[in-house]
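Numbers restart at 1 for each chain; the letters A, B, ... are given by sequence-line order, proteins then strands.
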There are 2 protein chains.
Amino acid sequence: MAEPHPLTPMLRKLEKWTRLGEADREAVLGLPHVLRTLDAHKYIIREGDRAENSCLLRSGFAYRHKIVGDGSRQILSIHMAGDIVDLQNSLLMTADHSVQALSTVEIALIPRGSIQALAAAHPAVGMAMWLDTLIDGSIFREWIANVGRRDARTRVAHLLCEFALRQEDAGLGERGRYELPMTQEQLADCTGLTSVHVNRTLKSLERDGLIRRNKRSVTIGDWQRLGDAGDFNPQYLHLEIAAEA
Amino acid sequence: MAEPHPLTPMLRKLEKWTRLGEADREAVLGLPHVLRTLDAHKYIIREGDRAENSCLLRSGFAYRHKIVGDGSRQILSIHMAGDIVDLQNSLLMTADHSVQALSTVEIALIPRGSIQALAAAHPAVGMAMWLDTLIDGSIFREWIANVGRRDARTRVAHLLCEFALRQEDAGLGERGRYELPMTQEQLADCTGLTSVHVNRTLKSLERDGLIRRNKRSVTIGDWQRLGDAGDFNPQYLHLEIAAEA
DNA sequence: CGCCCATTTGACAGCTTTCAAATCGCGTGG
DNA sequence: CCACGCGATTTGAAAGCTGTCAAATGGGCG
């Protein structure tokens with residue numbers, strides 16, 4: 001009957017690679033926070049805002065993006081339940097991008113000062129958060145390569161593979177079939193393409209039997225072939241690899 | 001006459017935003033390390049390698065890159081004296097990209113275990129390294145937007161602006177004129193273009209009076225106009241902004 | 001049932017790439 | 001001091017992937 005503690009997903013995330021002591025765990029759960037529920041499209045943070053909070057995504061999906069000079073949008077990453085979306089706000093003063101809800105989301109806002117104090121008082125927790133940031137960086141690097149050097153078909157297939165594994169890892173489904181809560185326009189903004197071309201690409205992948213689509217759900221017909229088509233090597237997600245001395 | 005300590009640049013980097021205590025400083029300088037000098041083109045780390053060391057770049061330039069399925073290369077970031085290039089190696093097990101020397105470089109290799117121990121024993125240093133990682137991430141995000149949503153001219157101009165500010169910040173020159181130690185092919189791999197098109201773009205920027213070139217040195221004729229052409233907002237570099245509670 | 005947004009589709013334009021070949025820059029050897 | 005060699009830079013012409021513009025179709029919701 002006891003509700004699980006609202007920050008449990010954060011603990012799960014941090015303990016995926018690091019073992020925390022009891023005092024560390026208590027300190028994490030003891031973080032002050034404000035719970036919010038936001039509808040799809042609502043902003044969680046806006047580029048240029050003074051960073052006040054870090055944000056734990058407790059349920060739902062969100063995305064980070066930037067608007068460039070000509071007004072077009074580039075999505076930088078997609079986040080799902082358990083992700084700590086704005087850890088950089090703990091140390092950087094100004095948000096350099098926006099974060100928006102993709103679906104209805106439940107979030108916990110944690111004041112930056114508390115995150116800093118936690119890291120200072122509990123180095124093991126600090127290192128776990130640092131590790132999370134490092135993995136974030138690894139995914140960003142893969143996205144640079146994806147939009148910079150792959151053709152449309154490969155980019156889209158790569159993105160579909162990434163979602164499959166991350167959703168599976170987050171316990172939200174299996175890699176063979178999952179919900180893709182994004183419009184084709186949003187997929188286009190992830191891949192640096194146009195929605196028109198994403199549509200053609202998706203249909204091409206479907207025609208070739210690599211995926212099947214139904215509403216917003218994606219079924220991967222042939223994981224091996226989709227991975228090949230997407231030049232996908234999951235190593236950059238660091239799903240398995242633990243940190244150790 | 002006393003040689004400056006080889007790890008001094010690391011201290012400079014870490015103390016740019018954070019104030020460290022005397023014990024912290026000593027701990028950083030006390031890090032075990034191996035000094036190396038590598039010629040241009042040599043690998044500092046190869047994708048897939050088991051990560052053993054983090055690497056402080058003491059002088060020279062280096063770049064990180066990935067090779068995608070069709071064999072083409074995407075450069076992920078450029079590094080210059082003072083940068084700590086492979087901090088992610090401290091916590092992640094496997095290198096997900098390669099790092100190569102762009103010029104002759106002097107590096108210091110620091111065992112991952114020592115970095116971890118340092119972060120555990122000196123939380124302030126750990127947080128400074130974390131902050132460095134966060135800024136890295138911010139630059140990666142800007143690069144995603146750059147290759148994903150800007151046209152060739154804008155991408156190249158943006159890159160030139162970034163180099164100008166970063167070299168100035170690193171104390172290697174002034175923003176109005178600096179050495180660009182890269183071939184046009186490498187510039188192409190930074191921007192997701194071909195070297196042919198980079199060449200045309202550079203000439204176009206030059207023809208319009210935004211830059212002048214001489215060998216590998218770049219003079220920025222009109223900083224304002226180049227910044228506009230490159231849709232450049234330096235905020236993402238977090239050059240000024242300090243962390244505070 | 002009707003509105004609105006997302007998905008599709010077609011024709012055409014255009015930015016970049018590709019493919020080659022010429023020129024340039026510079027260190028090396030005669 | 002000049003010729004040679006090789007990688008980098010330039011240039012031109014043509015092809016192609018992706019974007020643009022419009023319009024039709026489809027699906028969910030009040």
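The distance between atom CG of A:L180 and atom P of C:dA6, rounded to the nearest whole Å, is 14 Å. When the C1' atom of D:dA8 is taken as reference, atom CE of B:M182 falls 14 Å away, rounded to whole Å. The interatomic distance linking A:R216 (CZ) with C:dA6 (P) rounds to 8 Å, in whole Å.
Between A:L102 and A:M182, the shortest heavy-atom contact is CD2-CG, 3.7 Å. When every heavy atom of A:V147 is checked against every heavy atom of A:C190, the shortest pair comes out as CG1-O, 3.7 Å. Here the shortest heavy-atom pairing between B:S217 and B:R177 reads OG-NH2, 3.6 Å.
Remark: side-chain polar atoms of A:N233 are paired, donor with acceptor, to backbone N or O of A:Q235 under 3.5 angstrom.
At a threshold of 4.5 Å between non-hydrogen side-chain atoms, the residues B:L76 and B:Q74 count as touching.
Taking the six-membered ring wherever Trp is involved, the centroid distance between the rings of A:H158 and A:Y236 falls below 6.0 Å.
Checking C:dT9, D:dA8, D:dT10 against the side-chain heavy atoms of A:K203 singles out C:dT9 as nearest.
Look at A:Q184 and you'll find a side-chain N or O under 4.0 angstrom from OP1 or OP2 of C:dT8.
Residues B:S195 and A:N199 both approach DNA chain C. Their nearest nucleotides, taken by heavy-atom distance, put A:N199 toward the 5′ side.
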> What one-letter contact string describes nucleotides 15-30 of chain D from 5' to 3', where B marks a base within less than 4.0 Å of any protein heavy atom, S marks contact via sugar-phosphate atoms alone, and - marks no contact?
Replying inline: ---BBBB------S--

